[in-house]
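Quick note on labels: first sequence line is chain A, next is B, and so on, each numbered from 1. Bear in mind the structure is a predicted one, so any value in this text is a computation, not a measurement.
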Protein chains: 2
Amino acid sequence: METRIAKAARTVLDRDAWIKGAIAILAEGGAQRLRVEVLAKRLGVTKGSFYWHFKDRRDLQDAVLEFWKDGRIRDIRKQTQAEPGGEAAALLHTIEVYASARNRKGIAIEAAVRDWARHDPQAAAAVEAVDAERLTCACRLFLARGMAQREAEARSLLLYAYVFGASLMRHGAFTNDIASLKSWIADLISH
Amino acid sequence: METRIAKAARTVLDRDAWIKGAIAILAEGGAQRLRVEVLAKRLGVTKGSFYWHFKDRRDLQDAVLEFWKDGRIRDIRKQTQAEPGGEAAALLHTIEVYASARNRKGIAIEAAVRDWARHDPQAAAAVEAVDAERLTCACRLFLARGMAQREAEARSLLLYAYVFGASLMRHGAFTNDIASLKSWIADLISH
DNA sequence: GTGTTTCCATACGGTAGGGTATTGAGTTTT
DNA sequence: AAAACTCAATACCCTACCGTATGGAAACAC
């Protein structure tokens, strides 16, 4: 028989809920804000609970990185499944995904993880795996358009370097028609 | 009369020495490692001294940002003082400065400040000022080569976005001839 | 019902670090 | 030399965390 009266509605979380909360903190405050007491408070519980689900803080961090890595790789593979002839569109779309502002959170996480990677080997490994996958997928699209291997590799590298770099810039200058500049750039990169 | 006997060689620091030490920490550990006790230990004194030179931690942070901003703007102006006809070379040089590994520390500081800017308005302002200066200087070089305003702006933006983005990527893939890819890219950007 | 498992709360000890107050040692000025 | 100034050492207090130990409440198994 169900007890639906919910006398105090005790919050019950699983490992995944903790990881998702951690990702949210990562997006908002970066890796150094990813603290267990802060996360517990956000989830409405105390850290006593945390240590039931995770061995320690490092355990959470590794889980977050794994989660992020898998998600990114899944997304890339989905985005670059272009039907023949649609490669150019797929490339433009890849650029737009990171340029557009409707993906704020994803970009914030990306930046946070990349900064994290500067001092954490695990994070660096995750970034490296994601980068490798992205580069090969983009490269495949360029190659499908009959481009030479070398140029395809170079353009793939340029594409992703540009995309991440652009998200780091604070452009008060050129403020008039950024969108138009960016579309010009996207054309140059994807030919 | 000079006392040169230095019986215990008491460490004597001025504000500038503290700032330079802070920059070193920033390069190695990022903004969140910029702590006064850590910095004091690195300089061989205790934090009791720190609070004589600075009002508080924020005071140091602002000084560091000011120092960085001024240095960057000075460098950009120097690097982009091309004699007529040398604009292309100056642009390639600008790309190389951030691509080459002999500028490790500068790149690390750049990355640290940019990450810092994601959560600190003062840092964001410094980055914005530096970006604006860099973009206008690069744009001037493109324009000097007879390029249209719009294309010059777009290429300037691409140049810097690419340069910073490249420093964020962990490329295990394409590991064979990165240097050659990068020079191909530099050519594409600077035409 | 009575275990048993699952999950959370409470309380505690430990470390790192920011900030202040005070003292004191060199150095410079008078 | 005496006074004044400069800068560092020491000793605090306070907060934010990490991690552990223990107990307790709910859900599930029988």
Side-chain angles (χ1 to χ4, degrees), chain A residues 1-26 28-65 112 116 119-120 122-123, chain B residues 1-26 28-65 112 116 119-120 122-123:
Chain A
M1 179 181 175
E2 301 175 34
T3 317
R4 212 186 276 107
I5 304 117
K7 43 182 64 173
R10 194 171 82 125
T11 346
V12 174
L13 304 168
D14 56 358
R15 215 165 191 269
D16 239 51
W18 282 94
I19 293 177
K20 278 170 186 155
I23 295 273
I25 289 184
L26 191 65
E28 295 162 18
Q32 100 274 10
R33 268 274 164 250
L34 190 52
R35 307 238 152 106
V36 346
E37 283 185 329
V38 174
L39 175 56
K41 180 165 286 183
R42 162 188 283 261
L43 294 180
V45 296
T46 64
K47 67 179 171 177
S49 164
F50 175 86
Y51 287 96
W52 195 91
H53 296 281
F54 298 89
K55 180 179 169 295
D56 54 16
R57 189 181 176 221
R58 185 69 241 180
D59 189 17
L60 170 70
Q61 292 174 323
D62 289 343
V64 165
L65 287 172
W116 190 2
H119 295 101
D120 184 306
Q122 302 295 320
Chain B
M1 180 182 179
E2 301 174 36
T3 316
R4 214 187 274 109
I5 304 119
K7 43 181 64 173
R10 192 173 84 126
T11 346
V12 174
L13 304 167
D14 56 358
R15 215 166 192 270
D16 240 51
W18 283 93
I19 294 177
K20 279 170 186 155
I23 296 273
I25 289 184
L26 191 66
E28 295 162 18
Q32 99 275 8
R33 265 276 160 243
L34 190 52
R35 306 240 153 105
V36 348
E37 283 185 329
V38 174
L39 175 55
K41 180 165 287 181
R42 161 187 283 261
L43 294 180
V45 296
T46 65
K47 67 180 172 178
S49 165
F50 174 86
Y51 287 96
W52 195 92
H53 296 282
F54 299 89
K55 180 178 170 295
D56 53 17
R57 188 183 177 219
R58 185 70 243 180
D59 189 17
L60 170 70
Q61 292 174 323
D62 289 343
V64 164
L65 287 173
W116 190 3
H119 296 100
D120 184 306
Q122 303 295 321

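- Between Leu60(A) atom CG and dG19(D) atom P there is a gap of 11 Å when expressed in whole angstrom units.
- Atom pair Leu13(A):CG and dA27(D):C1' shows a separation of 15 Å (rounding to whole Å applied).
- Across every non-hydrogen atom of Arg15(B) and Ala63(B), the tightest pair is NH1-CB, 3.8 Å.
- If you take CD of Gln32(A) and C1' of dC18(D), they are 16 Å apart, rounded to a whole angstrom.
- The CD1-C1' distance, from Ile25(B) to dG17(C), rounds to 13 Å in whole Å.
- Nearest to the side chain of Arg57(A), among dA9(D), dG19(D), dC8(C), sits dG19(D).
- Here the nucleotide nearest the side chain of Glu37(B), chosen from dG18(C), dC8(C), dT20(D), is dG18(C).
- Atom CG of Leu43(B) and atom C1' of dA9(D) are 15 Å apart (whole Å).
- Of all non-hydrogen atoms in Asp59(B) and Phe54(B), the two that sit nearest each other are OD2-CA, 3.4 Å.
- Here the P atom of nucleotide dG19(D) and the OH atom of Tyr51(A) are 4 Å apart, to the nearest Å.
- Side-chain N/O atoms of His53(A) include none lying less than 4.0 angstrom from OP1 or OP2 on dT6(C).
- At whole-Å resolution of the value, NZ in Lys41(B) and P in dG18(C) are 12 Å apart.
- The side chain of Arg35(A) approaches dC17(D) more closely than any other nucleotide in the set dA11(C), dC8(C), dC17(D).
- Nearest heavy atoms, Gln122(B) versus Asp62(B): CG-OD1, 3.6 Å.
- Here the side chain of Arg57(A) pairs a donor or acceptor atom with the backbone of Leu34(A) at under 3.5 angstrom.
- Nearest-nucleotide mapping onto DNA chain D: of Gly48(A) and Leu34(A), the residue sitting toward the 5' end is Leu34(A).
- At a cut-off of 3.5 angstrom, the base of dG17(C) holds no donor-acceptor pair with the side chain of Lys47(B).
- Comparing Phe50(B) and Ser49(A) by the nucleotide of DNA chain C that holds the closest heavy atom to each, the one mapping nearer the 5' end is Ser49(A).
- Regarding contacts with the backbone of dG17(C), a side-chain N or O of Arg33(B) is found under 4.0 angstrom from either OP1 or OP2.
- Remark: P of dC18(D) and CZ of Phe54(A) are 13 Å apart, rounded to the nearest angstrom.
- Between Leu60(B) and Ala22(B), the shortest heavy-atom contact is CD1-CB, 4.0 Å.
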